[in-house]
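The next block holds one structure in the form of C-alpha cells; read it before the comments.
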Amino acid sequence: MKVEILNPAVEFHDTTVSYDRKPVLWNIDMTLPQGSLIGIIGPNGAGKSTLIKAAMGLLPLASGYVKIFDGDLDEHRKRVSYVPQRESVDWDFPTSAIDIVLMGRYAHIGLLGRISKKDRSLAMDCLEQVGMQAFAKRQISQLSGGQQQRVFLARALAQQADLYFMDEPFAGVDASTESAILNILRNLTQEGKTVIVVHHDLQSAAEFFDWIVLLNMRLIASAPIENVFTQNLLQETYGGKLTLLSEISELIKKRNIPSRENY
Amino acid sequence: MDDIYIILVASLFSISCGLLGSFLILRRMAMVGDAISHAVLPGIVIAFLISGSRDSFEMIIGAALLGLITSFLIEFFHKKANLQTDAAIGVTFTWLFALGIILISVFAGQVDLDQECVLYGEIAYVPLDLWITDAGLNMGPKALYVSAFILAAVIIFLSFGYRYLHITTFDSAFAASIGISIGLWHYLLMGMVSMTTVAAFDSVGAILVVALFVVPAATSYLLTRKLKSMLLMTVLLSFLNSFLGYYLASTINGSISGAIASTSGVFFLLAFLFSPIDGIWIKAIKRNFDKSKNTSKTKFNKIFKE
C-alpha cells in the first residue's frame, strides 16, 4: 500500500542502508507529504530510527538517495530539525536547559556569531511553549525524563524549521508530557510544517498521526492512516505476533476517520 | 626566582592540560589522553633526529601528527575491526610507545633523550634551560615561553571552539544534523591534546601529564554542574596543585611533578567526600535528614489520626 504525492517534503528513492554490509533497510522508495504529522511505525529492529538518520545524512547510504524539499539536504539544512532519542545523550552533562535550547540557534548563528538577545528570548519562548520556562536555569541532570524530552522539543522549536524528524519523542514520558508534545506537533503541522515521528506504540499511533509509514526493514505501507491500519498490512509489518491487531482495526473503525482526498 | 619559574611553568602547563582534559572527560575519552601522551614518543624521536634539537617547532608538529595518527588508529580499530575502545587504545598506544623506545635505544648516541626523562620528566631543570638571545641577553627559562605559548593556543582554540565543542560533546548526532563536522572537532581537540602533551612532557613526563589532564577536571566535575564553572574551577585547581605541590616537594625534598600529581589526588578525594553536589558526606547527611523528616512525618500522622 503506497500513496505517492506531488511536491513532497521528503522523498526516499530506492534507499538502502547497511551496517557492516548487512542491509537494515531495503529499497525504501516513498514520498512524504508536506504539512502532515507522519508516524513511522514498526517492530523493534525494523530500522525506524535508521530511516530518519539516513534522511539526515547521519548514516551513509548503500544505494539510492534522499531528497529534502526536492533538493539536497545541505541546501535546506536550516529548514530541517532532528531530535535524537533522549537516551542517546548523557544527561549528567554539566549544562542547563536554556543552554540546550540555545543549541537550536547554532545553525543560524554560525561559528563566530554571537548569541543575541533575540536568540535568548526566542529560546525562552520555546521553553514556555513546552511549559518549561520555570526550569530554564535548571541543570539538565535534575530534570525528569518527560522534562528532558520537553527540553529537546524546545530546542527543535528554536530551530524554526519547516521539517522535523523526531526519534521516539513519546518514549517513556508521562501522560501530561505526551499530550503537551502532541499539541505542539499538531500546531506545527497546522502552520504547514511537516513532522515525521518514529513511534513504537500502535495503539496511540492510531490517534496521533494522519499519515503512517509501516516499516519492517522494507517499506510495507506509506499512506494516509485510514488506508494503512488494516489487519493485513499490520500483520505483514508485525508478523503474527500481534493479538492486538484486530482490536486496533476495530478502534479505527469506531473512530470513523474520514478519508482524505487531498493527498 | 627559580621557585617562581618552576611554579609558573607547572601552572601554565597544568592549566592547558586541565582545560583540554575537561572536554576529554566529558567525551569519556580520558584514556585517549593517556594514549596520546605515550604514543607521541616516536614522533618526538623522529622529529629530534631530523631537527637535531629538543625544543623545536618540528618536534611539536611531529608529535602532534603522531597524536592525530593515534586517535585515528583508535577510531579505526574500534569502527572497522569492531574492537572495544579500551582494547583499541591498549593496542595502539603501547605499540607506538614501544616503537619510540626502540628508536631511542637504537639512536641513543645521537638522541639527547632517555626513557627516564620521557617517562618522568624533570621540572626542576626548567630554570637551567635558559633562552639567551644572540646579543647575550638572558630572557629567562625557555619552558616558560613554551608553556605560555601553549596556554595561549589552548585559550584561543577554546574561545573560538567553545560552542562547537560543547555541542559535539553533548549531542553529536544533533551537531551533525545542523551541519557541524564531528570529525573535524574531534581531531582538532586531539591535535591540541597532542601538542600540549608534547610541550609538557619534558617537564612532567608522559605518565604524570595524564594526571594534569584528568584529575583537576574530574575534581571540578564533582563540584559543579555548569561547563563554564567547571572550566574555571579546573584552572584554579591546576594552579593550586602546582603551587602546593611545589612546596610539598621542596619540604620533603622529593619529586616535584610527583608532588603536584599527589596534591591533585588529595583535592579529588576531598571533592569526592565533601562536594556539595555529589559528595558522599553530603549524601549521607541528606539521607539522614530525609529519614528524620519521614519519621517525624509518620509521627505527625499518627498523632493527627489519633
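Letters A, B, ... mirror the listed sequences (proteins, then strands); counts begin at 1.
Between Phe93(A) and His166(B), the ring planes are parallel. Angles under 30° get that label, and only those over 60° would be called perpendicular.
Each of Arg155(A), Gln139(A), Arg77(A), Met56(A) has some count of heavy-atom pairs under 4.5 Å with chain B, and the biggest count is that of Arg155(A). In terms of non-hydrogen atom pairs under 4.5 Å with chain A, the most contact-rich of Lys79(B), Arg28(B), Lys80(B), Lys228(B) is Arg28(B).
Crowding of Phe160(B) atom CZ: a count of heavy atoms from other residues, nucleotides or ligands under 6.0 Å not exceeding 12. For Tyr164(B), the OH atom is densely surrounded, since the number of other residues' heavy atoms within 6.0 Å is greater than 12. No more than 12 heavy atoms of other residues, nucleotides or ligands lie within 6.0 Å of CZ in Phe76(B), so this atom counts as exposed by the packing criterion. Counted within 6.0 Å of CH2 on Trp26(A), heavy atoms from surrounding residues, nucleotides or ligands total 12 or fewer; the atom is thus considered open. The environment of CZ in Phe149(B) is sparse: at most 12 heavy-atom neighbours from other residues, nucleotides or ligands sit within 6.0 Å.
Of all non-hydrogen atoms in Phe174(B) and Tyr82(A), the two that sit nearest each other are CD1-O, 3.3 Å. Ala176(B) and Leu58(A) get closest at one heavy-atom pair: CB-CD2, 3.4 Å.
A distance of 14.0 Å separates CZ in Arg225(B) from CZ in Arg138(A), rounded to the nearest 0.5 Å. To the nearest 0.5 Å, the span separating CG on Leu26(B) from OG1 on Thr95(A) amounts to 10.0 Å. Rounded to the nearest 0.5 Å, atoms NZ (Lys53(A)) and OG (Ser177(B)) are 12.0 Å apart. Rounded to the nearest 0.5 angstrom, Tyr106(A) OH and Ile180(B) CD1 are separated by 8.5 Å.
Taking 4.5 Å as the limit, every side-chain heavy atom of Asp99(A) sits out of range of all side-chain heavy atoms of Phe170(B).
Across Gln159(A), Met103(A), Lys78(A), Arg105(A), a single residue satisfies side chain to side chain contact (heavy atoms under 4.5 Å, CB included) together with Ile178(B), and that is Gln159(A).
For a residue to count as touching a neighbouring chain, one of its non-hydrogen atoms must lie under 4.5 Å from one of that chain's; by this rule Asp92(A) touches chain B with backbone and side chain alike. In this structure, no portion of Phe165(A) lies under 4.5 Å from any heavy atom of chain B. Within the 4.5 angstrom heavy-atom criterion, no atom of Leu73(A) approaches chain B. With a 4.5 Å cut-off on non-hydrogen atoms, Ile115(A) touches chain B through its backbone and its side chain both. Heavy atoms of Thr169(B) lying under 4.5 Å from chain A belong to its backbone as well as its side chain.
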